Amino acid sequence: MNLNNVFKKVYMWMFIGLLLTFATGYFVSINENMAYKVYNLYWVLAIIEIILVIVLSARIGKMNITTSRIMFLTYSFVSGLTFSSVFIAYDMRSIIIVFLISSLLFLIFAILGYITKLDLTSVGTFLLMALIGIVICSIINIFVGNGTFEIVICSISILIFLGFTAYDVNKIKQLQDIYPDEDSLAIVGALELYLDFINIFLDLLRIVANNRD
């Protein structure tokens, strides 16, 4: 298995997934009727989104390549529907700036994960524990509603997902001996890095972007 080919396919599918998500979100946001329907079905779509990512994460390596691609694109599309709220809540200038900053940060840590000779397996366990802690704090802050606490939570979350970016890139290198072909591994890697980027983007947007009047 050629590692360079694997990463080309990983980033290609990650880009396709992000493009589908952002395009779907933007299209829904400029269509008032669709946006209204999505708003009314938001929690249903959010639950479907969670179910899809759980199924994908657990089964993607055991699916045939066509099914895994369709599932990944379906998840990206459903995410785009819920993502439409971002284009409604924030101005386009802020979204573009945050996207560029997120891309730069993602690139730096993806490179670090690729070039490091260290085994980052133990780092993954620490990051997962930290993520659970952040999720708990986020739930608590839903009821508390403290703006400063939310900024702290988002800042720590960004660091966690930057760590996950390096960890996941490094893990893709380790998984090349487990997956039967480049295409299967590419979809697995694309899903994990897609999730890392989306979370970095959303957390950074919550910190620096201005809500629309």
Side-chain angles (χ1 to χ4, degrees), residues 1-23 52-54 56-63 65 68-69 71-73 75-76 79-80 83 95-135 154-205 207-208:
M1 186 181 294
N2 188 307
L3 193 58
N4 288 332
N5 287 340
V6 170
F7 275 101
K8 287 178 183 178
K9 293 178 179 179
V10 166
Y11 291 120
M12 179 190 73
W13 280 103
M14 175 191 167
F15 174 78
I16 291 172
L18 288 172
L19 181 62
L20 180 57
T21 296
F22 277 78
L52 281 172
V53 77
I54 290 174
L56 271 169
S57 299
R59 301 289 301 174
I60 195 169
K62 300 175 183 178
M63 299 175 182
I65 188 60
S68 62
R69 285 172 176 171
M71 288 284 288
F72 175 68
L73 293 176
Y75 173 73
S76 300
S79 293
F83 208 75
I95 291 173
I96 293 173
I97 292 173
V98 170
F99 180 85
L100 293 175
I101 295 173
S102 300
S103 299
L104 179 60
L105 291 173
F106 178 90
L107 177 63
I108 292 171
F109 280 81
I111 292 173
L112 289 175
Y114 184 81
I115 65 176
T116 183
K117 302 298 183 181
L118 300 175
D119 184 355
L120 301 180
T121 304
S122 58
V123 175
T125 303
F126 170 79
L127 290 171
L128 181 58
M129 293 173 62
L131 180 60
I132 292 172
I134 285 296
V135 170
C154 290
S155 299
I156 296 174
S157 181
I158 290 170
L159 295 176
I160 290 172
F161 281 103
L162 287 173
F164 267 122
T165 299
Y167 167 77
D168 287 332
V169 169
N170 185 260
K171 186 172 71 173
I172 292 169
K173 293 163 59 178
Q174 311 300 326
L175 291 176
Q176 62 178 319
D177 296 327
I178 299 176
Y179 283 85
D181 56 69
E182 294 178 356
D183 293 324
S184 296
L185 181 54
I187 296 297
V188 172
L191 174 64
E192 294 183 345
L193 294 179
Y194 168 98
L195 293 172
D196 294 336
F197 181 88
I198 286 292
N199 281 283
I200 292 168
F201 172 82
L202 291 176
D203 284 326
L204 193 57
L205 190 62
I207 294 174
V208 303

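None of the values given here were measured: they were computed from a predicted structure.
Here the closest non-hydrogen pair linking S76 and L20 is CB-CD2, 3.9 Å. When all heavy atoms of S68 and L56 are compared, the closest pair comes out as O-CD2, 4.3 Å.
For the atom pair CG (L159) and SG (C154), the distance works out to 11.5 Å, reported to the nearest 0.5 Å. Summarising the geometry, atom CG belonging to L128 is positioned 8.5 Å from atom OH belonging to Y167; distances are rounded to the nearest 0.5 Å. Rounded to the nearest 0.5 angstrom, I134 CD1 and S157 OG are separated by 6.0 Å. How far CZ of F161 is from CG of L127: 9.5 Å, rounded to the nearest 0.5 Å. The CG atom of D203 sits 5.5 Å away from the CD1 atom of I158 when rounded to the nearest 0.5 Å. Going from atom NZ of K173 over to atom CG of L185 covers 13.0 Å, rounded to the nearest 0.5 Å.
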Output side-chain donor-acceptor pairs under 3.5 Å for residues 96-107, partner residues at least two apart or in another chain, one line each.
from: S102; atom 1: OG; to: V98; atom 2: O; distance (Å): 2.8
from: S103; atom 1: OG; to: F99; atom 2: O; distance (Å): 2.8

Could you go through residues 190-202 and list every donor-acceptor pair under 3.5 Å that involves a side-chain atom there, pairing it with any protein atom two or more places apart or in another chain?
from: E192; atom 1: OE1; to: K171; atom 2: NZ; distance (Å): 3.4
from: E192; atom 1: OE2; to: K171; atom 2: NZ; distance (Å): 3.0
from: Y194; atom 1: OH; to: T21; atom 2: OG1; distance (Å): 2.5
from: N199; atom 1: ND2; to: L195; atom 2: O; distance (Å): 2.7

Do any side-chain atoms of residues 3-10 form donor-acceptor pairs under 3.5 angstrom with protein atoms, and if so which ones, sequence neighbours left out?
from: N4; atom 1: OD1; to: Y114; atom 2: OH; distance (Å): 3.3
from: K9; atom 1: NZ; to: E182; atom 2: OE1; distance (Å): 3.2
from: K9; atom 1: NZ; to: D183; atom 2: OD1; distance (Å): 3.1

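Applying the 6.0 Å contact sphere to CE of M129 captures no more than 12 heavy atoms from other residues, nucleotides or ligands.
Remark: the backbone N or O of G113 is not paired with any side-chain donor or acceptor of T116 at under 3.5 angstrom.
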